[in-house]
Amino acid sequence: LSFYFCQVSGGEDEIQQLQKALLDYLDENTETDASLVFSRKFYIAQWFRDTTMETEKAIKSQKDEDSSEGSHHAKDVETTGQIMHRAESRKKFLRSIIKTAPSQFSTLKMNSDTVDYEDACLIVRYLASMRPFAQSFDIYLTQ
């Protein structure tokens with residue numbers, strides 16, 4: 001798994017590489033477990049939904065800042081444009097995966113190294129830790 005972290009520069013690329021590795025693992029094992037087809041579709045849909053929700057939340061916060069600080073309007077517009085560009089690149093990545101048939105997906109592997117079950121579990125845990133609920137879990141326990 002450390003191989004995947006070393007290959008990417010970090011940030012958004014890292015998450016997309018991990019998502020691609022996880023989807024590749026699911027695709028490779030659909031013959032042994034048919035439920036993995038559903039899991040693959042679920043993850044793609046969830047990541048697409050997350051992208052939409054994050055974008056809406058970021059734009060709303062930009063508008064709230066804009067209404068409180070009228071002098072930084074040009075900077076806010078640029079930031080909103082960057083948010084939209086990032087969201088569109090994420091959605092484009094997910095759409096390309098959706099359009100790719102599962103049998104074709106295995107030919108798009110990021111490397112010859114494959115992800116095994118333990119690595120897939122680590123990837124799922126890492127991606128789950130990036131979700132808002134997981135990040136605010138300590139707050140929920142404190143309350």
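In terms of heavy atoms, Val115 sits closest to Ala120 at CG1-N, 3.4 Å. In this structure, Thr30 and Asp27 approach most closely via the heavy-atom pair OG1-O, 3.0 Å. Taking all atoms of both residues into account, the shortest heavy-atom contact from Ser39 to Leu26 is C-CD1, 4.2 Å.
Atoms CG and CD, from Asp24 and Gln19 in turn, are 13.5 Å apart once rounded to the nearest 0.5 Å. The CD1 atom of Ile83 sits 12.0 Å away from the CD atom of Glu56 when rounded to the nearest 0.5 Å. Summarising the geometry, atom NZ belonging to Lys57 is positioned 9.0 Å from atom CE belonging to Met53; distances are rounded to the nearest 0.5 Å. We find the CG-OH distance between Leu122 and Tyr117 to be 10.5 Å, quoted to the nearest 0.5 Å. In this structure, Leu36 CG and Leu23 CG are separated by 11.0 Å, a value rounded to the nearest 0.5 Å. Distance CZ/Arg95 to CD/Glu88: 5.5 Å, rounded to 0.5 Å.
Under the side-chain hydrogen bond (donor to acceptor under 3.5 Å, both in side chains) criterion, Asp33 pairs with Ser35, sequence neighbours left out. Under the side-chain contact (heavy atoms from CB on, under 4.5 Å) criterion, Phe38 pairs with Phe42, sequence neighbours left out. Remark: Ala87 pairs with Thr51, Thr55 by the side-chain contact (heavy atoms from CB on, under 4.5 Å) rule, at least two apart or across chains. Considering only residues two or more places apart in sequence or on other chains, Phe48 meets the ring pair (Phe, Tyr, Trp, His ring centres under 6.0 Å) condition with none of them.
Sequence neighbours left out, the pairs with a member in residues 44-54 that pass salt bridge (charged side-chain N to carboxylate O under 4.0 Å, His left out) are Asp50-Arg131, Glu54-Arg90.
Considering only heavy atoms from C-beta on, Leu127 comes within 4.5 Å of Trp47 through its side chain.
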